[in-house]
Amino acid sequence: MTLTLSRTEWSSYAEDHARHVDALLAGHLARRKRREAHPVEDFLFTYYPTRPNQLRVWHPGPGIRLDDAASYGDRRGYLLVDGVATLDPAEIERRADSIAWIRRLLAATLDRQPQFGCFGLHEWAMVYRTPEVRHAAWPLRLGAEGTDRVVESHKIGCSHFDAFRFFTDAARPLNVLQPTRESQPALEQGGCLHANMDLYKWACKLMPFTPSPLLLACFELARDIRTLDMRASPYDLAPLGYSPVRIETPEGKAEYTAAQRAFADRARPLRRQLVALCDELLG
């Protein structure tokens, strides 16, 4: 079934969406204007490829036509006929293999039992036995030796390739898994912070087919997860207002696991919606 929105209707959605994005990104854009780096929030625009101006563009998703929508005529992925914009079937076909791979990964992750025992040690493994830390402007909370002791006193069980690939050479052999890009669909699981942050990446890669409310829900989840990720990291970010989750203690482990479970619960319906979107596009 196809729904056609008048210009008045869809422009109202587009304006509300842009205001929502502006509110979410106000701090980031102000810091960027001052050329001020931020170790938590910059990640969403350095690691992930979508720029703020791209995020501001409202997309209706499949099955919705936009009347009097000449502005969408120049947007990739849209087809404009007699002033009515729809998603371009040719663009969907061109990207079918990519959509199918994303669907395979997301569906496999949904079907797998979540694991909650990693305690965010991937960030610690990224600075293990090296002077070259990723956020050099911020000190290690326990110092280099204390950080190394935490790594050495735990079992490292990272299942996420895009976290594991940043481990130091000394840390990689300590991981009980050796993830690769090829093994990603076989290993990724819904308790992993990075797998759940990456719902935003897959929503972005499916643009402009992704409905904007789903995209922003994934963005907000990723932002909240990134906050926990860095609070539980070895860095001391207290001057920025981030109290540490001390995963080297029993209390910190319990706090981390509880938050990890809550994020898994938020991620699960979003992952299902993305699978359903892929199915609709490929159907």
Side-chain angles (χ1 to χ4, degrees), residues 43-51 54-55 57 59-64 75-79 86-115 118 122 157-167 172 175-223 225-226 229 263-283:
F43 179 83
L44 297 173
F45 299 100
T46 54
Y47 178 74
Y48 295 120
T50 303
R51 305 274 74 82
Q54 294 173 304
L55 200 59
V57 178
H59 297 288
I64 298 179
R75 299 196 186 282
R76 186 174 182 178
Y78 284 93
L79 186 65
T86 59
L87 292 177
D88 186 353
E91 179 70 8
I92 296 172
E93 178 62 26
R94 186 186 71 79
R95 293 165 57 180
D97 288 347
S98 174
I99 296 168
W101 190 93
I102 292 170
R103 193 234 181 257
R104 177 188 169 210
L105 175 68
L106 295 173
T109 307
L110 270 175
D111 291 340
R112 193 165 291 121
Q113 182 68 30
Q115 303 296 315
C118 69
H122 55 276
C158 181
S159 59
H160 194 269
F161 171 70
D162 283 313
F164 176 70
R165 67 189 176 96
F166 290 107
F167 280 27
R172 286 195 188 100
N175 199 37
V176 296
L177 299 170
Q178 298 294 302
T180 64
R181 182 66 71 202
E182 291 71 26
S183 68
Q184 191 172 2
L187 292 179
E188 205 147 291
Q189 49 84 20
C192 171
L193 291 194
H194 275 262
N196 291 331
M197 268 196 290
D198 277 356
L199 293 179
Y200 173 61
K201 174 169 73 174
W202 306 126
C204 289
K205 285 190 177 289
L206 291 169
M207 286 170 64
F209 316 132
T210 311
S212 285
L214 175 56
L215 177 69
L216 286 192
C218 292
F219 174 85
E220 292 185 78
L221 175 64
R223 185 187 61 175
I225 291 176
R226 175 62 176 173
D229 198 30
F263 285 133
D265 289 342
R266 281 177 63 184
R268 196 171 299 112
L270 299 179
R271 190 172 276 112
R272 286 199 187 100
Q273 289 180 62
L274 288 169
V275 169
L277 172 64
C278 292
D279 286 341
E280 186 170 1
L281 294 171
L282 296 170

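Computed from a prediction, not measured in an experiment: that's the story for all the values here. For this chain, numbers begin at 1 and follow the sequence in order.
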- Message: Nearest 0.5 angstrom please: Glu220 CD to Leu270 CG, how far?
- Response: 10.5 Å

- Task: Might you point out which heavy atoms bring Val176 and Gly157 nearest each other, and give the distance in Å?
- Result: CG2-CA, 3.6 Å

- Any side-chain heavy atom of Met197 sitting closer than 4.5 Å to one from Tyr47? no

- Task: Please work out whether the ring planes of His59 and Tyr78 are parallel, tilted or perpendicular, with thresholds of 30° and 60°.
- Result: parallel

- Only one of Arg271, His160, Arg268 passes side chain to side chain donor-acceptor pair (under 3.5 Å) with Asn196, and that residue is Arg271

- Do any N or O atoms from the side chain of Ser183 and from the backbone of Pro179 form a donor-acceptor pair under 3.5 angstrom? no

- Message: Tell me whether the count of non-hydrogen atoms from other residues, nucleotides or ligands lying under 6.0 Å of CZ in Arg104 goes above 12.
- Response: no

- Message: Please give me the minimum heavy-atom distance between Ile92 and Leu281, naming the atom from each residue.
- Response: CG2-O, 3.5 Å

- Task: Measure the SG-CZ distance between Cys192 and Phe263 for me, rounded to the nearest 0.5 Å.
- Result: 13.0 Å

- Query: Of the non-hydrogen atoms in Cys278 and Ile102, which two are nearest, and what is the gap between them?
  - Reply: SG-CG2, 4.3 Å

- Task: Without swapping roles, check the side chain of Arg95 against the backbone of Lys205 for a donor-acceptor pair under 3.5 Å.
- Result: yes

- Please check if atom CD in Glu93 has more than 12 non-hydrogen atoms from other residues, nucleotides or ligands closer than 6.0 Å. no

- Distance in Å, Leu274 CG paired with Leu214 CG, rounded so as to fall on 0.5 Å steps: 4.5 Å

- Locate the shortest heavy-atom distance separating Gly191 from Ala264; write the atom from each residue and the value. CA-CB, 4.5 Å

- Message: On a heavy-atom basis, which atom in Glu91 and which in Arg76 lie closest, and how many Å separate them?
- Response: OE2-NE, 3.4 Å

- Message: Please evaluate residues Leu215 and Leu206 with respect to the criterion side-chain contact (heavy atoms from CB on, under 4.5 Å), reporting the C-alpha separation (whole Å), side-chain torsions for both, the decisive distance (0.1 Å), and the verdict.
- Response: CA-CA 9 Å; Leu215 177 69; Leu206 291 169; over 6 Å; no

- Query: Under 6.0 Å from the CG atom of Asp111, do we count more than 12 heavy atoms belonging to anything else shown?
  - Reply: yes

- Message: For Tyr200 and Leu221: C-alpha separation, side-chain torsions, deciding distance, then whether side-chain contact (heavy atoms from CB on, under 4.5 Å) applies.
- Response: CA-CA 8 Å; Tyr200 173 61; Leu221 175 64; over 6 Å; no

- Task: Check whether any side-chain heavy atom of Asp229 lies under 4.5 Å from a side-chain heavy atom of Phe43, and answer yes or no.
- Result: no

- Item | Ring center gap for Phe167 and Phe164 short of 6.0 angstrom | yes

- Would you check if the distance from the ring center of His194 to the ring center of His122 is below 6.0 Å? yes

- Message: Measuring from atom CD1 of Ile225 to atom CG of Leu199, what distance do you get when rounded to the nearest 0.5 angstrom?
- Response: 7.5 Å

- Note on the structure: When rounded to the nearest 0.5 Å, the distance separating CD of Glu182 from CD of Gln184 is 9.5 Å

- In this structure, are over 12 heavy atoms from other groups packed under 6.0 Å from Arg181 atom CZ? yes

- Can you tell me if Arg112 uses its side chain to pair, donor with acceptor, with the backbone of Glu188 under 3.5 Å? yes

- Roughly how far, to the nearest 0.5 Å, is the OG1 atom of Thr50 from the CE atom of Met207? 5.5 Å

- Task: Please assess Leu55 against Leu216 for the test side-chain contact (heavy atoms from CB on, under 4.5 Å), listing each intermediate value before the final yes or no.
- Result: CA-CA 8 Å; Leu55 200 59; Leu216 286 192; 4.2 Å; yes

- For Gly77 and Pro208, which heavy atoms make the closest approach, and how far apart are they? CA-CG, 3.9 Å

- Any donor-acceptor N/O pair, Thr210 side chain to Ala203 backbone, under 3.5 Å: yes

- Check whether any side-chain heavy atom of Leu177 sits under 4.5 Å from a side-chain heavy atom of Phe161, and report yes or no. no

- Looking at side-chain heavy atoms only, is the closest gap between Phe209 and Glu280 below 4.5 Å? no

